[in-house]
Peer 1: 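Handing you this structure, nothing more for now.
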Amino acid sequence: EDQVTQSPEALRLQEGESSSLNCSYTVSGLRGLFWYRQDPGKGPEFLFTLYSAGEEKEKERLKATLTKKESFLHITAPKPEDSATYLCAVQASGTYKYIFGTGTRLKVLA
Amino acid sequence: DGGITQSPKYLFRKEGQNVTLSCEQNLNHDAMYWYRQDPGQGLRLIYYSQIVNDFQKGDIAEGYSVSREKKESFPLTVTSAQKNPTAFYLCASSSDSNQPQHFGDGTRLSIL
């Protein structure tokens, strides 16, 4: 069964304290892995798509990486405005469906 | 600005009542989706439409109905058969099933 597990469930960082969020997945052939940011009461905002192991994408303080079993979202020198829930989703080959993880709630303290 | 507009932001349903959630996009996307988000759970797919006048059930379609009469519109009706409708409902679209999905800002449905 296709499955996505995100860890940790919640993370508190001091401003400037770098860390990583994990997304582990099992899927019968990966078409794509997606990272989203979701603020309270809002819809998810698309961040990155990764398609194959070894691929990396960067955007400001965020960097996403992909292996055959997991993806990491690295946050370098975070700021309070990076506080949000980060969602990971995978799409299996030959399907239209996304399988979403339950997210990591990130809080960055000033 | 192109985007996805969901309305209303908050909606209240009485017992036995059907309610309709609106989703409009001006991105010229072919594919549209409806998800439900509950605390502690990942987003779950309700319905999906690849093209006008065509749609497919997702994982949790029971108690819901949709229509896709126009490319830009994909309304979701929550019927009285849905016994646990309280949730945050999200509409998304993509240019096709191979492209990333982009989301609206959701409708929060509660029961009176």
Side-chain angles (χ1 to χ4, degrees), chain A residues 1-10 21-27 29-52 55 57 59 62 64 66 71 84-105, chain B residues 2-11 21 23-25 27 29-51 54-61 87-110:
Chain A
E1 181 184 351
D2 298 339
Q3 194 170 354
V4 175
T5 302
Q6 291 189 247
S7 62
E9 287 187 14
L21 282 55
N22 179 262
C23 173
S24 297
Y25 64 91
T26 54
V27 66
L30 181 69
R31 169 175 278 175
L33 184 142
F34 308 89
W35 282 100
Y36 289 85
R37 169 193 171 125
Q38 185 175 24
D39 293 300
K42 300 285 190 179
E45 174 190 350
F46 171 71
L47 294 173
F48 304 110
T49 307
L50 300 167
Y51 292 105
S52 57
E55 189 174 1
K57 295 273 180 74
K59 180 180 179 181
L62 300 177
L66 181 65
S71 176
T85 296
Y86 290 85
L87 302 176
C88 172
V90 298
Q91 183 181 23
S93 299
T95 77
Y96 57 85
K97 286 175 54 175
Y98 284 18
I99 308 298
F100 280 86
T102 53
T104 293
R105 296 189 311 278
Chain B
I4 301 168
T5 301
Q6 290 188 241
S7 62
K9 189 171 179 62
Y10 300 97
L11 187 58
L21 285 60
C23 177
E24 303 278 332
Q25 55 98 359
L27 300 168
H29 284 172
D30 285 317
M32 297 187 74
Y33 314 79
W34 275 106
Y35 291 90
R36 171 180 172 139
Q37 187 173 36
D38 295 283
Q41 296 192 44
L43 275 68
R44 292 181 291 167
L45 183 66
I46 305 173
Y47 267 98
Y48 161 73
S49 170
Q50 286 183 285
I51 199 169
D54 185 54
F55 49 82
Q56 293 85 40
K57 293 181 179 180
D59 296 320
I60 55 165
F88 190 48
Y89 290 87
L90 289 161
C91 178
S93 71
S94 62
S95 54
D96 60 55
S97 60
N98 292 321
Q99 297 303 316
Q101 296 178 18
H102 297 269
F103 287 82
D105 274 342
T107 292
R108 187 165 299 280
L109 175 62
S110 302

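Because the structure is a prediction, the values reported are computed rather than measured. FYI, side chains are in, hydrogens and waters are out, and symmetry mates aren't considered; it's all heavy atoms of this structure. A, B, ... follow the sequence lines: proteins, then strands. Residue 1 opens every chain.
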Peer 1: Contact part of B/D59 toward chain A, heavy-atom cut-off under 4.5 Å: side chain, backbone, both or neither?
Peer 2: side chain
Peer 1: Taking A/F34 as the fixed residue, which of A/L47, A/T49, A/L87 is the one that meets the side-chain contact (heavy atoms from CB on, under 4.5 Å) rule?
Peer 2: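 For A/F34, the side-chain contact (heavy atoms from CB on, under 4.5 Å) check succeeds only for A/T49.
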Peer 1: Pick whichever of B/G42, B/G58, B/P100 has the most heavy-atom pairs under 4.5 Å with chain A.
Peer 2: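 Heavy-atom pair counts peak at B/P100.
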Peer 1: For the pair B/R108 (side chain) and B/L11 (backbone), establish whether a donor and an acceptor sit closer than 3.5 Å, ignoring hydrogens and angles.
Peer 2: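 No, the answer is negative, given that no donor and acceptor are paired below the 3.5 Å cut-off.
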Peer 1: Let me know if A/F46 has heavy atoms under 4.5 Å from chain B in its side chain, its backbone, both or neither.
Peer 2: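 Side chain of A/F46 only, per the 4.5 Å heavy-atom cut-off to chain B.
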Peer 1: Please round to the nearest 0.5 Å and tell me the distance separating atom NE2 of B/H102 and atom OH of B/Y33.
Peer 2: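 Result: 10.0 Å between the selected atoms.
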Peer 1: If the plane angle is over 60° it's perpendicular, under 30° parallel, otherwise tilted; pick one for A/Y98 and A/Y36.
Peer 2: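 Judged by the thresholds at 30° and 60°, the geometry between A/Y98 and A/Y36 is tilted.
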Peer 1: Between A/Y51 and chain B, with a heavy-atom cut-off of 4.5 Å, which part of the residue counts as in contact: side chain, backbone, both or neither?
Peer 2: side chain
Peer 1: side-chain contact (heavy atoms from CB on, under 4.5 Å) with B/L27: which residues, sequence neighbours excluded?
Peer 2: B/I4, B/Q25, B/H29, B/S93
Peer 1: Who are the salt bridge (Lys or Arg N to Asp or Glu O under 4.0 Å) partners of A/E9, not counting sequence neighbours?
Peer 2: none
Peer 1: Out of B/Q37, B/Q6, B/Q101, which one racks up the most heavy-atom pairs below 4.5 Å with chain A?
Peer 2: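 Among the listed options, the one with the most contacts to chain A is B/Q101.
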Peer 1: Counting only non-hydrogen atoms closer than 4.5 Å, does B/L45 touch chain A with its backbone (N, CA, C, O), its side chain (CB onward), both, or neither?
Peer 2: side chain
Peer 1: Which bit of A/Q91 is near chain B, if near means a heavy-atom gap under 4.5 Å: side chain, backbone, both or neither?
Peer 2: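 For A/Q91, the contact with chain B is made by the side chain alone.
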